[in-house]
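Next up is a structure, given as structure tokens.
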Number of protein chains: 4
Amino acid sequence: MDATYHVLCEEGYAGLTMRAIAAEAGTSKSLIHYHFDTKEELLLTFLERFLDRLDEWLVEIESETDDPEARLLAFVDRFVVQPADADRQAFWRAVLELRLQAAHQEGFREQLKANNDAIRSALASIIADGIEDGTFREVDPETTADLVLDALEGARTRQATLGPEEAPLTAREAVREHVLDDLVREE
Amino acid sequence: MDATYHVLCEEGYAGLTMRAIAAEAGTSKSLIHYHFDTKEELLLTFLERFLDRLDEWLVEIESETDDPEARLLAFVDRFVVQPADADRQAFWRAVLELRLQAAHQEGFREQLKANNDAIRSALASIIADGIEDGTFREVDPETTADLVLDALEGARTRQATLGPEEAPLTAREAVREHVLDDLVREE
Amino acid sequence: MDATYHVLCEEGYAGLTMRAIAAEAGTSKSLIHYHFDTKEELLLTFLERFLDRLDEWLVEIESETDDPEARLLAFVDRFVVQPADADRQAFWRAVLELRLQAAHQEGFREQLKANNDAIRSALASIIADGIEDGTFREVDPETTADLVLDALEGARTRQATLGPEEAPLTAREAVREHVLDDLVREE
Amino acid sequence: MDATYHVLCEEGYAGLTMRAIAAEAGTSKSLIHYHFDTKEELLLTFLERFLDRLDEWLVEIESETDDPEARLLAFVDRFVVQPADADRQAFWRAVLELRLQAAHQEGFREQLKANNDAIRSALASIIADGIEDGTFREVDPETTADLVLDALEGARTRQATLGPEEAPLTAREAVREHVLDDLVREE
DNA sequence: CATGAATGAGGGTTCATTCAT
DNA sequence: AATGAATGAACCCTCATTCAT
């Protein structure tokens with residue numbers, strides 16, 4: 001799994017061959033096939049593990065603060081890759097490739113969907129909480145959550161395909177200005 | 001070129017082999033290599049042609065209306081794929097794959113960057129015009145443009161990887177509510 | 001024909017493709033096939049023309065001097081490529097490749113054989129003349145001719161495969177010392 | 001390796017394809033690529049092994065006799081292919097092609113050069129020994145060695161391109177008469 | 001649990017040649 | 001006389017996968 005991660009970061013999805021993974025792991029291709037019958041299965045397991053970590057990651061937010069505004073910002077920050085963090089950039093890029101390539105395979109879609117739903121409802125409930133306690137004005141929490149997530153995803157894609165390393169950062173600011181400020185304006 | 005388009009839509013980037021293109025075009029691989037020395041060259045030409053059409057597409061907007069608000073909405077609509085249009089969905093998906101895979105090749109990056117800049121500044125100038133004539137409140141046009149474009153891109157990605165066909169539509173609504181309404185509120 | 005010559009020198013036998021010849025000649029492959037049905041035919045014609053020129057070359061020697069010793073040296077010099085003459089080196093190299101590749105094709109062998117016989121008997125008769133007029137001691141003219149020609153050929157091969165540009169020159173000196181001096185010793 | 005040898009003899013360098021080697025070896029192309037990453041590497045290894053055997057071959061001479069004259073003749077005999085030995089003829093022919101084609105690749109040149117130097121100095125030291133003990137008259141050992149080797153190489157080339165199967169034999173006689181007899185004349 | 005050897009399908013590319021104009 | 005378009009075979013090489021040990 002670790003080897004898969006590293007190869008994915010360093011070589012991208014195109015370079016994610018069984019040979020490369022085995023070499024990175026310091027074993028043989030055969031051994032990998034002993035544990036995972038097929039490459040698809042390996043990738044499935046890898047994605048599963050990765051998405052699980054993402055979930056755990058989100059839970060931490062709730063223990064950090066109670067303020068809806070702070071929570072929303074903290075949430076956004078999880079998905080913002082710092083310009084200097086080349087490794088994480090490469091990784092997000094690779095995950096995007098992986099998602100794209102794997103999308104028309106049955107097993108993957110379900111996982112991705114489940115994960116996305118989790119993220120989305122986490123954010124939506126933060127917003128709903130904010131509405132309930134009067135911090136935010138009344139909006140549809142899910143629609144707003146989608147907007148925020150889409151914007152962040154789009155920024156990462158822009159970063160991956162065009163290279164402007166600061167894309168996620170400016171996206172963060174834009175979200176703050178146009179979404180967050182908008183939500184708390186009535187205040 | 002047409003064959004490339006169709007293969008890309010039907011098989012995705014992974015299935016975009018010379019053999020597949022030739023088969024789709026009803027010719028031989030050799031003939032394709034006669035016209036394009038290398039696969040990269042073919043893809044480059046393909047992307048070029050596609051991006052050119054995108055550019056032309058944007059120009060049309062300016063002739064349709066003078067109202068900044070209407071213009072902005074028209075602009076957004078260009079990048080929203082209707083749920084029913086499966087072909088276009090597949091195509092946008094494929095283009096995204098293409099962009100991702102090709103991003104670390106010199107020639108591609110420049111093209112993609114140039115095209116993205118064109119789109120971005122077109123949208124930014126629509127916003128700037130709106131600010132100037134008092135329709136919109138004072139914001140940074142480029143940051144706002146990035147937000148809108150990122151959100152739309154993210155929605156398409158969500159659609160491509162998860163399958164919610166309505167993603168772009170809801171993104172459109174979210175942009176209308178959180179960005180456009182926000183811009184014209186002072187009115 | 002000229003184009004064939006140039007391609008052969010610049011690209012070697014491996015690079016002697018119809019495309020390259022056509023490009024060098026500034027025409028199309030099709031036109032070449034119009035004149036020569038097949039590549040083999042073209043090469044056959046080329047070799048023919050080249051060998052003819054070699055023959056003419058040899059005749060000139062007889063008009064230059066009557067002295068057997070001088071004639072023999074003049075003859076040798078025809079087959080010695082100067083270290084500085086990179087073009088001729090490349091050409092001899094290419095001709096050797098051509099001869100080797102073509103050797104198991106019917107037509108070629110006859111031509112090469114005829115040409116080699118001409119060269120050989122020209123040199124042999126120079127030696128025979130020398131024996132007759134008492135300049136040289138009695139040897140078998142043909143065996144001696146073969147030795148000289150083989151040595152020169154071997155030196156060119158050494159030059160072609162190993163790169164010592166002076167190989168033919170030292171071969172020339174060796175022939176002078178061991179063969180020529182030997183022939184005229186009784187003097 | 002054996003398969004490479006046989007294909008080289010039977011089909012020549014032009015027919016030395018991965019497919020042919022695999023077929024001859026009774027396996028698949030893939031397997032060959034498993035052992036040798038690239039065709040060049042395979043050929044390099046093949047050449048290496050062949051040249052090594054040549055070297056061992058030379059060493060044997062020294063243990064056969066002490067007489068410089070006999071040694072020199074024994075040495076020459078190593079490079080003389082008997083007219084009847086069609087296999088060896090084909091092989092020498094193929095090696096010559098290989099050397100010619102491969103000459104402009106870095107790795108090959110070094111090997112060829114090293115091997116040639118070894119052969120040359122082996123012969124040169126035989127001659128030098130003969131001079132020292134008074135068997136031979138005083139000549140430059142290296143120049144004479146080059147002459148002998150060039151003559152033998154040229155004879156093999158003649159044999160390969162023209163087919164006179166006795167070429168190396170007559171070359172052997174010519175060397176004996178013009179070089180060896182010349183060396184021992186003072187006796 | 002672990003490996004090296006082996007495989008077949010398919011990757012992009014190049015070649016001499018042919019065909020229609 | 002001359003061309004661009006088209007072809008099929010063959011090129012080297014890579015891949016995920018399997019098999020015997």
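First the proteins, then the strands, lettered A, B, ... as listed; each starts at 1. This structure is a prediction, so every number in the text was calculated from the model and none was measured.
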In this structure, are over 12 heavy atoms from other groups packed under 6.0 Å from A:R109 atom CZ?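 Above 12, so yes.
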
For a quick test of reading the model, state the closest non-hydrogen atom pair linking A:I32 to A:M18 and the distance between them.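 Distance-wise, the nearest heavy atoms are CG2-CE, 3.6 Å.
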
Does the gap between the ring centers of C:F46 and C:F36 come in under 6.0 Å?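 Centroid separation for C:F46 and C:F36: 6.0 Å or greater.
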
Given Watson-Crick and G-U pairs under 3.5 Å, DNA chain E in dot-bracket ([ ] crossing, | other strand) is .||||||||||||||||||||

Starting at the 5' end of DNA chain E, which residue's closest nucleotide do you reach first, D:S28 or B:K29?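 Nearer the 5' end of the strand: D:S28.
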
Between D:Y13 and C:Y13, ring centroids under 6.0 Å: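 Between D:Y13 and C:Y13, the centre distance exceeds or equals 6.0 Å.
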
Toward the 5' end of DNA chain F, by each residue's nearest nucleotide, B:I32 or D:H33: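 That would be B:I32.
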
Does the E:dG4 base have a donor-acceptor partner in the side chain of A:S30 within less than 3.5 Å?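 Flag set: donor-acceptor pair detected.
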
Hey, which of these two, C:K39 or D:H35, hits DNA chain E nearer its 5' end, going by closest nucleotide?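 On the 5' side of the pair lies D:H35.
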
Bounds of contact between DNA chain F and chain D, in 5' to 3' order, using a heavy-atom cut-off under 4.0 Å: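 Nucleotide range with atoms under 4.0 Å of chain D: F:dC11 to F:dT14.
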
Shortest non-hydrogen contact from C:T4 to C:L16?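 In this case the closest contact between C:T4 and C:L16 is O-CD1, 3.8 Å.
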
By nearest nucleotide on DNA chain F, pick out whichever of C:L31 and D:D37 is the more 5' one.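 Checking each residue's closest nucleotide, the 5'-ward one belongs to C:L31.
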
Taking only side-chain N and O atoms of C:R19, does any of them lie within less than 4.0 angstrom of OP1 or OP2 on E:dA16?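 No, no such contact exists.
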
Considering all heavy atoms of both residues, which atom of A:A22 and which atom of A:K29 are nearest to each other, and what is their separation?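 Where A:A22 meets A:K29 most closely, the heavy atoms are CB-N, 3.6 Å.
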
Does OP1 or OP2 of E:dG11 have a side-chain N or O of B:T17 closer than 4.0 Å?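 Answer is yes, contact under 4.0 Å.
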
Please assess C:R99 against C:E153 for the test salt bridge (Lys or Arg N to Asp or Glu O under 4.0 Å), listing each intermediate value before the final yes or no. CA-CA 12 Å; C:R99 283 168 49 196; C:E153 171 107 78; 3.0 Å; yes

Between C:E56 and C:R53, is a salt bridge (Lys or Arg N to Asp or Glu O under 4.0 Å) present by the stated rule, with each step listed? CA-CA 5 Å; C:E56 296 170 14; C:R53 203 170 310 176; 6.0 Å; no

Whole-Å distance between E:dG11 C1' and B:L42 CG?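 My rounded result for the distance is 15 Å.
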
Could you tell me whether the side chain of A:T157 reaches within less than 4.5 Å of the side chain of A:L162, counting heavy atoms only?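 Contact flag for A:L162/A:T157 side chains = no.
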
